[in-house]
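Chain letters run A, B, ... following the sequence lines, proteins first and then strands; every chain starts at 1. Model, not experiment: these values are computed from the prediction.
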Number of protein chains: 2
Amino acid sequence: MSTQNAQEPIIVPIDLEDRAYDIEIAPDVLDRLGGILKQKFPGARFGVVTDINVKNAQWARLQKSLDANGLDYALISIPPGENAKSMARLDSVVFALLKEKLERNDIILAFGGGVIGDLAGFAAAIMRRGMDFVQIPTSLLAQVDSSVGGKTGVNSPHGKNLIGAFHQPKFVAADLGVLDSLSDRHFRAGYAEVVKYGLIDDEEFFFWLEENQDNIFEGGPARAEAIARACRAKARVVVADEKEQGQRALLNLGHTFGHALEAATGYSDRLIHGEGVAIGMALAHRFSTSLGLSNTQDDQRVVAHLKKAGLPTNLSDIPGELPPTQELLDLIAQDKKVSRGALTFILTKGIGKAFIEKNVNPDLVFEFLNKERQK
Amino acid sequence: MSTQNAQEPIIVPIDLEDRAYDIEIAPDVLDRLGGILKQKFPGARFGVVTDINVKNAQWARLQKSLDANGLDYALISIPPGENAKSMARLDSVVFALLKEKLERNDIILAFGGGVIGDLAGFAAAIMRRGMDFVQIPTSLLAQVDSSVGGKTGVNSPHGKNLIGAFHQPKFVAADLGVLDSLSDRHFRAGYAEVVKYGLIDDEEFFFWLEENQDNIFEGGPARAEAIARACRAKARVVVADEKEQGQRALLNLGHTFGHALEAATGYSDRLIHGEGVAIGMALAHRFSTSLGLSNTQDDQRVVAHLKKAGLPTNLSDIPGELPPTQELLDLIAQDKKVSRGALTFILTKGIGKAFIEKNVNPDLVFEFLNKERQK
């Protein structure tokens, strides 16, 4: 912590014209947030949405900061877990926030990991046809992924994130201190998304991560820098393609396989999101190589790095039985990255060379997955 | 019908830049819709959302047109009524549409009155973070009001339309033939919204309505013209202020009182939306006069016109008991047209001279409503 406290805040601007906002990455931004909110939103009331774990671990710090600035707030706390991303939970959160008589100029604070960010952000998007919200991501995954880009939403029984809205936050407070209370497993899972940005289009960042992995995991100064670089990388893609008409789909590297595996394991503790992405990225690399697009050296280098971080890279790393391959393929086809029946995948020509392929033959995916199951 | 069939289609363009679309008003647009959709959305599948009443009365015509053009569609039919505008119903409609595996480039058809337009439009707004949709409004109210402007949404137990999104349709097919199967009561209710556009800022249109009311109610050529003029009037306001930051609030003339009365009567058959708006407009005029802003001659002229159309204009026209005045006031305050605790009303300086007043003293509203109850 002493190293972190000596660090200057890093501001990452997200340049989306009238929807522009800043991400502030700092060891103490949570303690300063009351003052920041008071200045940014004079006269506003705040509806804080969090889960019970985050409330127990982190609410005292935020509450102290809100109270010190005389801000008026209501706290809505829900059970933790991906199951919270449902229409039923959305309904109850919206009901609770409307009950607090939050008005159109008031602010929702999404205080938690990716699930809370997606759920509370979506609630903000649809309450009174659009209220402003602020993200306070408390997991590494949320800081580098969900807090950039404005994707909000919930899951459907038919698939993940099938219901939602593009809704940009007005500010993101990425506090480094909150990461210290994350479990090792969840920190690793978030790290998978950091690695992703190197794999998409920045091999130099991937090499930097190889060199700085220990410092990042120990909470040294490289941690803030890794978060900032990941946010900047995502911001570049999002600014170029906010509504995912084209290149933004690159951010789904590892996610087509990953989402299907998460669905196949019931969005349970068997496989958390970042772990699904880690396996998905390893699969995307090996699938690309099987199609003659990538190469075994790069695949192995990616797998070695993910393994060193303690992340899974094989189907067999998932505890328990997986459904039949055809069922996995159906889950892939139902994933929203599908266009008129053809399978779309993010494939790669090697580290930092990902691309969108819209015409993948489902038979080849079936064959590849069958082979992977034997490992 | 013979007069109508001789009429040329009227196209009202809604000029919202990359969200621009056309409204086509014609006696036979429903019969031509399959061809229009095939041309506008090549290769798309269609998810038709309707209610059981509309299905029984109108689906055969639409189905014939879709079939004749070889289009692939799925039909989702729900029970009729304002109760359908709930989060639970939204959830089930979205579930049913996703089950049909509609993809991001497929099209939702909102085939029904205002409730279906609001519900199916909102479903389109949040499915796969935004799908395209087409409005096929089958009531006069929906043709002149809900089909212009992109407001979609559902009700909350805390108030009407508190949950929703701005989502513009890609095309609106306003078929004159479907209006013939509308009940007189629902036609009158829709007419209240037509009158509103005269009252807001176009006294000449109000005078024209006074002269042409019979022809409009008989289904003569003035009917299509009245619909077109109302759509154009709404379009002017919406284009100037799509997200309701300012002047768009004028469209709420009669709605602040009206929504509260609808809530007070449980969104039931005791008071349907257009009737609430009719009483609300009469109240807005008389309240304005009580504040020394409008004048009794204009108030009486408005009331006379609404009465001639068979519309209610007094609180006592609502069958059954109303809740206490304080409760009505609470419902007004909970309506979303509220800013930081002050009551916002659309007031008027006379016919065609409505304006937004953001600082209405709740005590004056209480006193006024108490007086109105004595009538």
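Shown here are the salt bridge (charged side-chain N to carboxylate O under 4.0 Å, His left out) partners of B:R19, two or more places apart in sequence or in another chain: B:E242. For A:S77, the side-chain contact (heavy atoms from CB on, under 4.5 Å) criterion is met by A:T50, A:I52, A:K55, not counting sequence neighbours. In terms of the side-chain contact (heavy atoms from CB on, under 4.5 Å) criterion, residue partners of B:K40 (sequence neighbours excluded) are, by chain and number, B:I36, B:F171.
For A:S86, no part sits under 4.5 Å from any heavy atom of chain B, backbone or side chain.
Taking the six-membered ring for Trp and thresholds of 30 and 60 degrees, B:F41 and B:F46 have ring planes more than 60 degrees apart, a perpendicular arrangement.
For the pair A:I108 and A:V49, the minimum side-chain heavy-atom distance is below 4.5 Å. Two residues are said to be in side-chain contact when any heavy atoms from C-beta on lie closer than 4.5 Å; B:I107 and B:M131 fail this criterion.
Per-residue heavy-atom pair counts under 4.5 Å with chain B were compared for A:M127, A:K101, A:H167, and the maximum is reached by A:K101. In terms of heavy-atom pairs under 4.5 Å with chain A, the best-connected choice from B:V94, B:L90, B:L98 is B:L98.
Judged purely by distance below 3.5 Å, without hydrogens or angles, the side chains of A:E262 and A:H255 never pair a donor atom with an acceptor atom.
Annotation: residues 113-126 of chain A contacts chain B through A:F122, A:A125, A:I126 [non-hydrogen atoms, separation under 4.5 Å].
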